[in-house]
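Okay, so here's the structure we're looking at.
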Amino acid sequence: DYSVYAAGGIVAYSNGSSATMNKCYNIGDIYNAYYLAGIAGYHGIITECYNKGNISTGTGSHAGILGNLDLYNNSYSAPSVTISNCYNAGQIAQVGAYGGIVGWTQNADWYTLTNNYWETGKGASYGIGETNSNIGATGVNADTLKGYASILGDAYKADTNNINNVLTLSTCGDTNKYRIVVHAYI
């Protein structure tokens with residue numbers, strides 16, 4: 001049993017489609033909450049974001065980008081969550097519901113996933129863990145992911161300065177480095 005309900009590298013919990021995370025990244029390890037992910041633990045619109053932090057938990061749902069998408073008891077119109085042009089290069093623990101991009105969702109009508117990638121060989125076998133689906137999410141190896149700057153869109157550029165050894169956001173160059181490290185633990 002976890003006393004921390006949700007944890008994320010950027011946002012722990014957002015109420016449905018009211019929160020938008022754009023051009024964010026996490027490089028810190030996230031652990032010990034029921035719902036957790038590198039960007040948002042629970043809900044949100046997420047675009048042009050990446051995670052390199054390791055994600056580990058007990059029996060809840062977790063992923064590189066969004067941990068849990070549960071709109072069952074809410075009145076949001078579908079689709080109320082969009083995840084696009086994101087990637088995960090962090091290790092994902094293989095317990096509970098886990099995925100490279102999304103850990104858990106009950107209904108494919110609740111979200112739109114487009115052009116998302118996760119690094120294979122780091123725990124996740126599927127982009128969306130609970131449904132064992134890859135709709136809008138593709139697993140690629142590390143070398144392939146490094147070449148995807150143009151595929152992920154204008155927000156990314158090749159990491160020629162080895163800021164994170166994969167891709168970096170084009171708005172986070174040598175003089176504009178921002179680092180947010182969040183650790184949730186009990």
Side-chain angles (χ1 to χ4, degrees), residues 1-14 19 21 24-46 48-72 81 83-108 110-111 113 115-146 148 152 164-167 179-186:
D1 183 38
Y2 292 97
S3 61
V4 176
Y5 182 70
I10 305 300
V11 173
Y13 180 93
S14 87
M21 289 140 276
C24 301
Y25 69 93
N26 172 61
I27 58 172
D29 295 342
I30 309 294
Y31 50 91
N32 287 353
Y34 196 72
Y35 302 124
L36 69 154
I39 303 300
Y42 199 85
H43 295 167
I45 295 171
I46 305 170
E48 299 173 337
C49 295
Y50 69 85
N51 173 62
K52 287 206 42 147
N54 297 323
I55 308 299
S56 62
T57 187
T59 58
S61 59
H62 54 286
I65 303 300
L66 177 63
N68 187 285
L69 172 55
D70 177 10
L71 303 179
Y72 183 73
V81 172
I83 301 173
S84 63
N85 299 325
C86 295
Y87 77 85
N88 174 57
Q91 183 73 35
I92 306 294
Q94 295 179 316
V95 284
Y98 60 92
I101 303 298
V102 175
W104 187 89
T105 186
Q106 188 174 23
N107 189 328
W110 292 341
Y111 59 85
L113 267 66
N115 203 35
N116 299 288
Y117 300 90
W118 82 93
E119 187 177 324
T120 57
K122 291 201 169 182
S125 299
Y126 296 96
I128 305 166
E130 179 67 20
T131 60
N132 293 338
S133 170
N134 289 327
I135 297 171
T138 304
V140 296
N141 67 39
D143 289 334
T144 301
L145 185 58
K146 288 178 185 179
Y148 274 18
L152 281 162
N164 69 20
N165 295 321
V166 183
L167 298 173
R179 180 177 289 189
I180 299 171
V181 179
V182 177
H183 293 279
Y185 56 92
I186 297 172

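Below, each value reflects all heavy atoms present in this structure, side chains not excepted, and no hydrogens, waters or symmetry copies. When a residue number appears, it is its place in the shown sequence, counting from 1.
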Task: Test item: side-chain donor near acceptor, Tyr117 and Asn115, under 3.5 Å - done: yes

TODO: Starting at OH of Tyr25, measure out to OH of Tyr50 and round the result to the nearest 0.5 Å.
DONE: 5.0 Å

Open item on the list: Working to the nearest 0.5 angstrom, can you tell me the gap between Ile92 CD1 and Ser125 OG?
Closed with: 11.0 Å

Open item on the list: Side chains of Glu119 and Val140, heavy atoms from C-beta outward: is any pair under 4.5 Å?
Closed with: no

- [ ] Please name the pair of heavy atoms, one in Ala7 and one in Ala33, separated by the smallest distance, quoted to 0.1 Å.
- [x] CB-CB, 3.7 Å

Open item on the list: Among Ile46, Ile30, Val11, Asn88, exactly one meets side chain to side chain contact (heavy atoms under 4.5 Å, CB included) together with Ile39. Which residue is that?
Closed with: Ile46

Task: Ile65 side chain near Asn116 side chain, heavy-atom distance below 4.5 Å - done: no

Open item on the list: I'd like to check Leu36 versus Ile55 (side-chain heavy atoms, cut-off strictly below 4.5 Å). Are they in contact?
Closed with: yes

Task: Interatomic distance, Ile128 atom CD1 to Asn134 atom CG [nearest 0.5 angstrom] - done: 7.5 Å

- [ ] Could you tell me the separation between the CG atom of Asn141 and the NZ atom of Lys146, rounded to the nearest 0.5 Å?
- [x] 9.5 Å

Task: Nearest heavy atoms of Leu145 and Ala89, plus distance in Å - done: CD2-CB, 4.3 Å

TODO: Indicate the atoms forming the closest heavy-atom contact of Ala63 with Leu66, along with that distance.
DONE: CB-O, 3.4 Å

Open item on the list: Using the rule given for side chain to side chain contact (heavy atoms under 4.5 Å, CB included), can you reason through Val95 versus His62, listing the C-alpha separation, both sets of side-chain angles and the distance that settles it, and then say yes or no?
Closed with: CA-CA 9 Å; Val95 284; His62 54 286; 4.1 Å; yes

- [ ] Please confirm whether the backbone N or O of Ala124 pairs with a side-chain atom of Trp118, one donor and one acceptor, at under 3.5 Å?
- [x] yes

TODO: Drop me the distance from Ile101's CD1 to Ser84's OG, to the nearest 0.5 angstrom.
DONE: 11.0 Å

TODO: Run through Tyr34, Tyr5, Tyr13, Trp104 and flag the one making a side chain to side chain contact (heavy atoms under 4.5 Å, CB included) with Asn68.
DONE: Trp104

Open item on the list: Could you report the tightest heavy-atom contact between His43 and Met21, atom names first, then the distance?
Closed with: O-CE, 4.2 Å

Task: Nearest heavy atoms of Gly67 and Ser61, plus distance in Å - done: O-OG, 3.1 Å

Open item on the list: Once you measure the plane-to-plane angle for Tyr42 and Tyr35, does it fall in the parallel (<30°), tilted (30-60°) or perpendicular (>60°) bin?
Closed with: tilted

Open item on the list: Taking Gly123's backbone N and O only, do any of them form a donor-acceptor pair with Gln94's side chain (distance below 3.5 Å, no angle check)?
Closed with: yes

TODO: Calculate, to the nearest 0.5 Å, the distance between atoms CG and NZ belonging to Asn26 and Lys52 respectively.
DONE: 11.0 Å

Task: Asp29 side chain to Asn54 backbone, donor-acceptor under 3.5 Å - done: yes

TODO: Ignoring hydrogens and angles, tell me if any N or O in the side chain of Glu130 forms a donor-acceptor pair with the backbone of Thr105 under 3.5 Å.
DONE: no

